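So you know, we letter chains A, B, ... as the sequences are listed, proteins then strands, and number each from 1. As the structure is a prediction and not an experimental result, all values here were calculated from the model.
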There are 2 protein chains.
Amino acid sequence: MTTTPTADWLRLDQQICFSLNAASRAFGGVYRVVLKDLGLTYPQYLVMLVLWEHGDLPVKKLGEHLRLDSGTLSPLLKRLEVAGLVRRERSARDERSVEVRLTEEGAALRERALQVPRRIATATGFDVDEIRELRARLDQLTEALDAAAVEEAAAE
Amino acid sequence: MTTTPTADWLRLDQQICFSLNAASRAFGGVYRVVLKDLGLTYPQYLVMLVLWEHGDLPVKKLGEHLRLDSGTLSPLLKRLEVAGLVRRERSARDERSVEVRLTEEGAALRERALQVPRRIATATGFDVDEIRELRARLDQLTEALDAAAVEEAAAE
DNA sequence: CACAATTCAATTGCACACAACTAAATGACG
DNA sequence: CGTCATTTAGTTGTGTGCAATTGAATTGTG
């Protein structure tokens, strides 16, 4: 409705990306505290979530669920292996593929993790519906941004 | 309305943090493309935004605007200095402090950066009001999370 | 079967983010 | 004036995140 002067577009406090970035790091701070007893970082926790839900998976599939590539996952999985939570085994059927398997200890950790999402949800100060609403918005945003990134890259 | 079984809280697709993380990285992807001609990364762009808006600042103040500490800013500012966009000079009044100053080149870059926010805004697929709404939500979220992190940490 | 294209994980290099620590400078207080 | 707590950058170490490359294994095609 109001026309915005071009220079104002540069004002930091109008930058949606900055708010997103700040929220993302604020989440990181809460997760750091909450996950400390589990001995997990936030990305490691995400990997464990996927394994708990879907069972053993090759690295590739794991990456698809998390939108992460092997450059990120390889060292992360090695740390989880050192921690005794997963094993990595070459697939017999396809020697290129590496299966990530939960150990007993890794599977057992799930019990202690059950309380995490509720603690996080409480920390947001949002109720379930507000969280759902925000999630939908963010997913919509991600979809649009991914599409735009492809277009921008193609325009080079 | 519906009571959610505890186990479902662990389902990845319900994780607000995951959506936020995904959106944050999707933004990163668009910014990477858009900022490539400017020779800036996204965090470097944020630093330049602050300097363009507020003028020369000590590292400390810069960090307060961006919620970043010297461990992140020091190497980042060195890269901006190598790129010729800023100078870092010990304050005469307080030898502990380092003033970050825009060079001619750094100040000039602002002209080329003016188009960036609009390209980003277009990439989101949201109109101005939707962006404002989402920003408000995210800022509210960040505030709640920061407060919760302090409480959780204090509860140790 | 042979050979090119593809797939997949790992590695390398670069750039954050943040905790913990160091070191220098300042300021407050006795 | 001297001492000590505080402030401020910088450094180090760990852990992502991603682009680019490598190398091995597989698949598709003739």
Side-chain angles (χ1 to χ4, degrees), chain A residues 17-18 21-33 35-36 39-47 57-64 66-83 86 88-100 146 149 153 156, chain B residues 17-18 21-33 35-36 39-47 57-64 66-83 86 88-100 146 149 153 156:
Chain A
C17 52
F18 179 81
N21 215 31
S24 186
R25 279 183 290 134
F27 253 120
V30 175
Y31 269 106
R32 219 185 324 280
V33 175
L35 292 176
K36 199 166 56 182
L40 295 174
T41 67
Y42 172 57
Q44 290 168 5
Y45 170 69
L46 289 184
V47 167
L57 287 174
V59 175
K60 182 65 189 295
K61 291 287 180 191
L62 210 46
E64 284 169 8
L66 298 167
R67 302 165 138 269
L68 294 172
D69 68 2
S70 66
T72 300
L73 286 174
S74 288
L76 189 157
L77 291 170
K78 281 185 186 176
R79 282 185 281 271
L80 287 180
E81 189 168 40
V82 170
V86 305
R88 294 177 306 138
E89 297 169 2
R90 285 275 160 197
S91 163
R93 295 202 338 287
D94 186 341
E95 288 280 335
R96 294 170 305 180
S97 180
V98 169
E99 286 281 327
V100 181
D146 281 345
E156 295 300 300
Chain B
C17 52
F18 180 80
N21 215 31
S24 185
R25 280 183 290 134
F27 253 119
V30 175
Y31 268 106
R32 219 186 324 280
V33 175
L35 292 176
K36 199 166 57 183
L40 294 174
T41 66
Y42 172 57
Q44 289 167 6
Y45 170 70
L46 288 184
V47 167
L57 287 173
V59 175
K60 181 65 189 294
K61 292 287 180 190
L62 211 45
E64 283 170 8
L66 298 168
R67 303 164 138 268
L68 293 173
D69 67 3
S70 66
T72 300
L73 286 175
S74 287
L76 188 157
L77 291 170
K78 282 185 185 175
R79 283 186 281 271
L80 287 180
E81 188 169 41
V82 170
V86 306
R88 294 178 304 137
E89 296 169 2
R90 286 276 160 196
S91 163
R93 295 202 337 287
D94 186 341
E95 288 281 334
R96 296 170 304 180
S97 180
V98 168
E99 287 280 328
V100 181
D146 282 344
E156 296 299 299

- request: Please report the shortest heavy-atom distance between B:Arg96 and B:Asp94, naming the atom on each side.
  value: NH2-OD2, 2.8 Å

query: Roughly how many Å is it from OH in B:Tyr42 to C1' in D:dG17, rounded to a whole number?
result: 15 Å

message: I need the CZ-C1' distance between B:Arg90 and C:dA24, as an integer number of Å.
response: 8 Å

query: When the nearest nucleotide of DNA chain C is assigned to A:Ser74 and to B:Gln44 on a heavy-atom basis, which residue is associated with the more 5' position?
result: A:Ser74

- request: Any chance you could measure B:Ser97, atom OG, to B:Arg90, atom CZ, to the nearest 0.5 Å?
  value: 8.0 Å

Polar pairs (N or O, both sides) under 3.5 Å between protein and nucleotides 1-5 of chain D?
none

statement: In whole angstroms, the gap separating P of C:dA9 from NZ of A:Lys60 amounts to 7 Å

query: Can you name the closest pair of heavy atoms from A:Asn21 and B:Tyr42 and give their distance?
result: ND2-CE2, 3.6 Å

message: For a quick test of reading the model, state the closest non-hydrogen atom pair linking A:Val30 to B:Ala149 and the distance between them.
response: CG2-CB, 4.0 Å

- prompt: What distance do B:Cys17 atom SG and A:Tyr45 atom OH have between them, rounded to the nearest 0.5 Å?
  reply: 6.5 Å

message: Within the 4.0 Å limit for protein heavy atoms, which parts of nucleotides 19-25 of chain D are touched? Write it as a string from 5' to 3', B for base, S for sugar-phosphate only, - for none.
response: B----BB

message: Please determine whether a side-chain nitrogen or oxygen atom of B:Lys78 lies at a distance below 4.0 Å from atom OP1 or OP2 of D:dT11.
response: yes

message: Counting only side-chain nitrogens and oxygens, does B:Arg79 get under 4.0 Å of the OP1 or OP2 atom of C:dC16?
response: yes

Show me, pair by pair, the donor-acceptor contacts under 3.5 angstrom made by side chains of residues 66-76 of chain B, not counting sequence neighbours?
residue	atom	partner	partner atom	Å
B:Arg67	NH1	B:Asp146	OD2	3.4
B:Arg67	NH2	B:Asp146	OD2	2.5
B:Asp69	OD1	B:Gly71	N	3.2
B:Asp69	OD1	B:Thr72	N	3.1
B:Asp69	OD1	B:Thr72	OG1	3.4
B:Ser74	OG	B:Ser70	O	3.0

message: How many whole angstroms separate atom CG of A:Leu62 from atom C1' of C:dA10?
response: 15 Å

message: Would you compute the distance between atom CD of B:Glu99 and atom CZ of B:Arg93 and round it to the nearest 0.5 angstrom?
response: 7.5 Å

statement: DNA chain C nearest-nucleotide lookup for A:Pro58 and B:Leu68: closer to the 5′ end is A:Pro58

query: Between A:Leu80 (CG) and D:dT16 (C1'), how many Å, whole number?
result: 12 Å

query: The side chain of A:Pro43 lies closest to which of these nucleotides: D:dT16, C:dA17, C:dA9?
result: D:dT16

task: For A:Leu73, answer base if it contacts any base atom (sugar-phosphate contacts may also be present), sugar-phosphate if it contacts only those atoms, and nothing otherwise; contact means non-hydrogen atoms under 4.0 Å.
output: nothing

Residue among B:Thr41, B:Leu57, B:Leu62 satisfying side chain to side chain contact (heavy atoms under 4.5 Å, CB included) with B:Val47: B:Leu62

message: Rounding to an integer number of Å, can you tell me how far B:Glu89 CD sits from D:dA9 P?
response: 14 Å

query: Atom CG of A:Leu35 and atom P of C:dC18: how far apart are they, to the nearest Å?
result: 15 Å

statement: Whole-Å distance, B:Leu77 CG to D:dT8 P, equals 16 Å

- request: Quick one: pull up NZ in A:Lys61 and CD in A:Glu64 and give me the separation to the nearest 0.5 Å.
  value: 5.0 Å

task: Would you indicate, yes or no, if D:dT14 has its OP1 or OP2 atom less than 4.0 angstrom from a side-chain nitrogen or oxygen of A:Thr41?
output: no

query: Counting just side-chain N and O atoms, does B:Arg88 come under 4.0 Å of either OP1 or OP2 of D:dG10?
result: yes

